[in-house]
Chemist: 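Pasting in a structure now, in structure tokens, and then I'll have a few things to ask.
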Amino acid sequence: MTPVPSSQSAPRRTVFWVTAISAAIVILLFFTWGVHTAMNDSVTWDESQHLYSGWLSWEHGDFGYNPEVPPLVKMWDAIPLLHRDIKQPAFTGDPFKKEGFVLGQRFLAANGIDRTLIPARIMASLLTVLLATLLFFCAREMFGDKPALFALLLFCLDPNFLAHGAYVTTDIGASFTMLAAIYAFYRYMKRPTIGRIIAVGFAVGLAMTAKFTGVFIIPILCLIAAIDYWLSRDQAASTKSPSPRQLITAIAVALVIGVGCIWTIYHFRYAARPVPLQLNPTSEQYLQGLTSPVARRVLTTVGKFHLLPEAYIYGLADTKISAGDLPSYFFGRDYSGASRWYFPAAFVIKSTLPFLILFGLTMVTVFRGRWRMRREIVCLTVSPIFIFLLSASSDLGIGYRHLFPMFPMLYILIAGCAAHLVSRNPKFIYGFVILLLWQFVTTVTARPGLLAYANEAWGGPSKTHLFLSDSNVDWGQQLKAVKYYLDTHPSQPCYFAYFAQGPVDFRDYGIDCHVLPTGSALWTGLDTMRFGEDSKISGTVLISDGVLAGADIPGRENPYAQFVSVRPAATIDRGVYVYRGQFTLGTVAALEHIKAAEDLAKQQKVADTIREARIAVNLDPNNPKTHMILGDALAATADARAAQSEYAAALQSSELDPVFQKSLLDELHAKTKH
């Protein structure tokens, strides 16, 4: 006999099905936008080497080609390549960072950029869909159907996740696995079971193999457990925390399973690369680059006893070593490392105003103490606070995207708070609907060029470049838009200083422009145009925002600084500026001669080195490097007086930057003492 449903169960089922169908539609539209991004954005800075690394991990067990991030997300994105006959470029033997970018570009060019990249981006979009789905189910278990749908809508209308959701990078993967670990631990604390301990362990393993910030999931879980247990002492028996023994056991088991996951994905092999390939530099050499004696000693010991795979240790070291090597652009200035205000500013500039309003309202509600969802609040706040403080204390300031793992948890928390406030006063629902509509409008009106999103208080996406650069504005994603612009505005000759030239070659997209020298192009060895001794050009000049801001060559030595005060004729996809007219590019033209002089000096061709260095000095008399190279060459001819004169000129150069050229400055001081 079929039971007759009660008067309350029917409306509940209706709400459930309406919510479920609505969530499915939202997630489908979210995925559709990811496919759109996958097809319309050109390859960005890191994607080519990440994708090639994922394929190498599958096919050859090579984890040392791109050890700066763990392999999990890269391997996920590379799955569509496994059925293809892939052309593999030959290894160069260069240091791993240079080889990664060089071979990434060659890999995509050899196998067809769109044919190779778009399927991988579809996989990345599916991972973003999994994140949205997990967010929905986590919010539903914590707060109910309607808050879950509200959280999902806010998240799927976030312009930053829409911009990055299809890219072959690790930020979305880190967000997904971090939320998975927190959610699994929350479920364990609600009902401690063996199965839920194992689920926590595998979620921790995913976090640790998605991005190296995942290693912090264990201290985050320890903090959550300690705070939850401390707060639970005054709560009713039904909300008691598991015992300290249960919590310690769960975290210990999760750590063991997590480390097991690390060894599993690295094929239970200590060596980073298969024979005969080797890391360049070696692990022993690279670990010496750690400035912290404690970190150096710990990682050296871990490597000595093979407690973790070599590539994992190497990558952990790289997160500290490389952070100090990358400049950051902040409010019109370049910094060596990141200003301590970088991430707080990025948070308020690139987060939507509806989110910031809702976040502020939620924090006020939490601190007032009337919202009694103790465990949910702890689980959803500890990790974002930890991630924010970790990022703000880092020397790495190249993108708001490093804060991404915070936001799924914050959107869930906001939705739960909204439900609480509506339950106290139903009129609040009108305000939340208005904020949701605002989130929709701010995202729609920010198109195209969502990567450069900034909220209305800061002037919107067209003004982001005044405050931030790099992956906040320009990650090299504009080449298809540049190609369309040049086709519809034909002008020859054309010159292009492209931020990602090296990891990407804009000529692979059919862009017929002269390649202006940039730091990344010269470093990776891609050929650039030859000025000779004449630095004057006439025509259309395109300059990426990252180049103009100094993310490529920072500080006083930025050869394109003269364009900062020139109003562009047009802006392409928020990140490429168009200039027309006649220009004298002495500082730019000098770059090719500096590079030639350095190469000739290594070959001990003194006369040729002097010739190239003198041309560089004539083109850019204020470049300290040209004077030093010329001084070294003159010293090699025993002309000590002339050499000292060049060293003195270098020290007096207006382009000598004591922040970004400290090693050059120290070297010059040492040379002038002799």
Chemist: Is any side-chain heavy atom of Tyr52 less than 4.5 Å from a side-chain heavy atom of Gln88?
Modeler: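 A side-chain contact under 4.5 Å exists here.
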Chemist: Tell me yes or no: between the side chains of Gln477 and Thr44, is some donor less than 3.5 Å from an acceptor?
Modeler: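 No, because no side-chain N or O of Gln477 sits under 3.5 Å from a partner of the opposite role on Thr44.
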Chemist: Are there more than 12 heavy atoms of other residues, nucleotides or ligands under 6.0 Å from atom NZ of Lys98?
Modeler: yes
Chemist: Using modelled atom types and a 3.5 Å cut-off, is there a donor and acceptor pairing between side-chain atoms of Lys350 and backbone atoms of Asn160?
Modeler: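 It does not hold such a pair.
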Chemist: Where is the tightest heavy-atom contact between Met409 and Ser383, given as atom of each residue plus distance?
Modeler: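 Reported closest heavy-atom pair: CE-OG, 3.4 Å.
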Chemist: For Tyr270, give me all partners under ring-ring contact (aromatic ring centres under 6.0 Å, His included), at least two apart in sequence or on another chain.
Modeler: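 Partners of Tyr270 by the ring-ring contact (aromatic ring centres under 6.0 Å, His included) criterion, ordered by chain and then number, come out as His306.
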Chemist: Answer yes if the ring centres of Phe161 and Phe404 are under 6.0 angstrom apart, and no otherwise.
Modeler: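 Between Phe404 and Phe161, which both carry aromatic rings, the centre distance is below 6.0 Å.
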Chemist: Going by the ring pair (Phe, Tyr, Trp, His ring centres under 6.0 Å) test, name the single residue among Phe268, Tyr266, Trp58, Phe96 that passes it with Phe63.
Modeler: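 Testing each of Phe268, Tyr266, Trp58, Phe96 against Phe63, the sole residue satisfying ring pair (Phe, Tyr, Trp, His ring centres under 6.0 Å) is Tyr266.
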Chemist: Restricting to pairs with a member in residues 460-487, which pass salt bridge (charged side-chain N to carboxylate O under 4.0 Å, His left out), not counting sequence neighbours?
Modeler: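 Passing the test, one end in residues 460-487: Asp114-Lys480, Lys483-Asp487.
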Chemist: State which residues pass side chain to side chain donor-acceptor pair (under 3.5 Å) with Tyr411; sequence neighbours excluded, sorted by chain then number.
Modeler: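 For Tyr411, the residues satisfying side chain to side chain donor-acceptor pair (under 3.5 Å) (neighbours in sequence not counted) are Asp158, Gln439.
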Chemist: Quick one: does Leu221's side chain get under 4.5 Å of Val382's, heavy atoms only?
Modeler: no
Chemist: Under the rule for ring-ring contact (aromatic ring centres under 6.0 Å, His included), what residues qualify as partners of Trp33, not counting sequence neighbours?
Modeler: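 For Trp33 the ring-ring contact (aromatic ring centres under 6.0 Å, His included) partners, ignoring immediate neighbours, are His36.
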Chemist: Not counting sequence neighbours, list each pair that qualifies as a side chain to side chain donor-acceptor pair (under 3.5 Å) and has a residue in residues 174-184.
Modeler: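 The answer is Glu141-Tyr183.
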Chemist: Between Ile217 and Phe185, does a side chain to side chain contact (heavy atoms under 4.5 Å, CB included) hold up when you go through it step by step?
Modeler: CA-CA 11 Å; Ile217 189 61; Phe185 194 61; over 6 Å; no
Chemist: Check whether Asn40 reaches the backbone of Thr37 with its side chain - one donor and one acceptor, N or O, closer than 3.5 Å.
Modeler: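 Here the side-chain-to-backbone pair does not exist.
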Chemist: Return the set of residues passing disulfide (SG to SG under 2.5 Å) with Cys261 (not counting sequence neighbours), or none when no residue passes.
Modeler: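 Cys261: no disulfide (SG to SG under 2.5 Å) contacts found.
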Chemist: Does Thr116 reach the main-chain N or O of Ile113 with its side chain, forming a donor-acceptor pair under 3.5 Å?
Modeler: no
Chemist: Return yes if some donor-acceptor pair links the side-chain N/O of Arg269 with the main-chain N/O of Ala271 below 3.5 Å, else return no.
Modeler: yes
Chemist: Do Leu308 and Met208 make a side-chain contact, defined as non-hydrogen atoms from C-beta onward lying under 4.5 Å apart?
Modeler: no
Chemist: Within this structure, what is the CD1-CG distance for the pair Ile511 and Leu542, rounded to the nearest 0.5 Å?
Modeler: 8.0 Å
Chemist: Please tell me whether Trp263 and Tyr312 form a close aromatic pair, meaning their ring centres lie under 6.0 Å apart.
Modeler: no
Chemist: Between Lys87 and Arg106, does a side chain to side chain contact (heavy atoms under 4.5 Å, CB included) hold up when you go through it step by step?
Modeler: CA-CA 10 Å; Lys87 297 176 183 177; Arg106 294 177 184 175; over 6 Å; no
Chemist: Output yes when a side-chain donor or acceptor of Arg84 lies under 3.5 Å from a complementary backbone atom of Asn111, and no otherwise.
Modeler: yes
Chemist: Would you call the rings of Phe496 and Tyr498 parallel, tilted or perpendicular if under 30° counts as parallel and over 60° as perpendicular?
Modeler: tilted
Chemist: If you take the centroid of each ring, where Trp contributes its six-membered ring, are Phe359 and Phe347 closer together than 6.0 Å?
Modeler: yes
Chemist: What I'd like to find out is whether the side chain of Tyr329 reaches to under 4.5 Å of the side chain of His465, using heavy atoms alone.
Modeler: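 No, their side chains stay 4.5 Å or more apart.
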Chemist: Near Tyr484 OH, under 6.0 Å, is it more than 12 heavy atoms from other residues, nucleotides or ligands?
Modeler: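 Open: at most 12 neighbouring heavy atoms sit under 6.0 Å from OH of Tyr484.
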Chemist: So, using side-chain contact (heavy atoms from CB on, under 4.5 Å) as the criterion, who are the partners of Ser22 when residues are at least two apart?
Modeler: Val18, Leu149
Chemist: Quick one: does Arg574's side chain get under 4.5 Å of Leu451's, heavy atoms only?
Modeler: no
Chemist: Partners of Ser328 by side chain to side chain donor-acceptor pair (under 3.5 Å), sequence neighbours excluded?
Modeler: none
Chemist: Checking Ser520 side chain against Asp552 main chain: does a donor-acceptor pair fall under 3.5 Å?
Modeler: no
Chemist: So does Val473 get a backbone contact from the side chain of Thr464, meaning a donor-acceptor N/O pair under 3.5 Å?
Modeler: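 No; judged by distance alone, with no hydrogens or angles, the pair does not exist.
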Chemist: Check side-chain contact (heavy atoms from CB on, under 4.5 Å) between Thr209 and all other residues, then give those that pass, not counting sequence neighbours.
Modeler: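 For Thr209 the side-chain contact (heavy atoms from CB on, under 4.5 Å) partners, ignoring immediate neighbours, are Leu72, Ile262, Ile265.
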Chemist: Flag this pair as yes if the NZ/CZ of Arg401 is under 6.0 angstrom from the six-membered ring centre of Tyr167 and inside a 45 degree cone about the axis; otherwise no.
Modeler: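 Geometry flag: not set, cation outside 6.0 Å or 45°.
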Chemist: Consider only side-chain N and O atoms of Asp508 and Gln105, and report whether a donor and an acceptor are under 3.5 Å apart.
Modeler: yes
Chemist: Do Glu47 and Leu51 pass the side chain to side chain contact (heavy atoms under 4.5 Å, CB included) test, and can you show the C-alpha distance, the side-chain angles, and the key distance before you say yes or no?
Modeler: CA-CA 6 Å; Glu47 287 186 283; Leu51 184 53; 6.0 Å; no
Chemist: Aromatic rings His164 and Trp475: how do their planes relate, parallel, tilted or perpendicular, breaks at 30° and 60°?
Modeler: tilted
Chemist: Taking the side chain as C-beta and beyond, is there a heavy-atom pair between Met178 and Ile220 under 4.5 Å?
Modeler: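 Side chain of Met178 against side chain of Ile220, heavy atoms only: contact under 4.5 Å found.
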Chemist: Taking salt bridge (charged side-chain N to carboxylate O under 4.0 Å, His left out) as the cut-off, I'd like each qualifying pair that reaches into residues 201-212, sequence neighbours left out, listed once.
Modeler: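 The answer is Asp171-Lys211.
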Chemist: My understanding is that only residues two or more places apart in sequence, or in another chain, count here; which of them pass side chain to side chain donor-acceptor pair (under 3.5 Å) with Asp573?
Modeler: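 By the side chain to side chain donor-acceptor pair (under 3.5 Å) rule, Asp573 matches no residue at all.
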Chemist: Which word best sums up how the rings of Tyr342 and Phe330 line up, parallel for under 30°, tilted for 30 to 60°, or perpendicular for over 60°?
Modeler: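 It falls in the tilted class, 30° to 60°.
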Chemist: Return yes if some donor-acceptor pair links the side-chain N/O of Ser42 with the main-chain N/O of Gly476 below 3.5 Å, else return no.
Modeler: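 Yes, Ser42 side chain to Gly476 backbone: donor-acceptor pair under 3.5 Å.
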Chemist: Within the distance-only criterion (no hydrogens, no angle test), does the side chain of Thr352 pair as donor or acceptor with the backbone N or O of Phe355 below 3.5 angstrom?
Modeler: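 Yes; at least one donor-acceptor contact below 3.5 Å.
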Chemist: Which pairs, with at least one residue in residues 19-28 and sequence neighbours excluded, count as a salt bridge (charged side-chain N to carboxylate O under 4.0 Å, His left out)?
Modeler: none
Chemist: Checking side chain to side chain contact (heavy atoms under 4.5 Å, CB included) for the pair Thr442/Asn455: CA distance, chi angles, key distance, verdict?
Modeler: CA-CA 8 Å; Thr442 193; Asn455 64 53; 5.6 Å; no
Chemist: Are side-chain heavy atoms of Tyr186 and Ile224 found at a separation under 4.5 Å?
Modeler: no
Chemist: Under 3.5 Å, side chain of Arg447 to main-chain N/O of Val444, donor-acceptor pair present?
Modeler: yes
Chemist: Is the closest side-chain heavy-atom distance between Thr518 and Phe499 below 4.5 Å?
Modeler: no
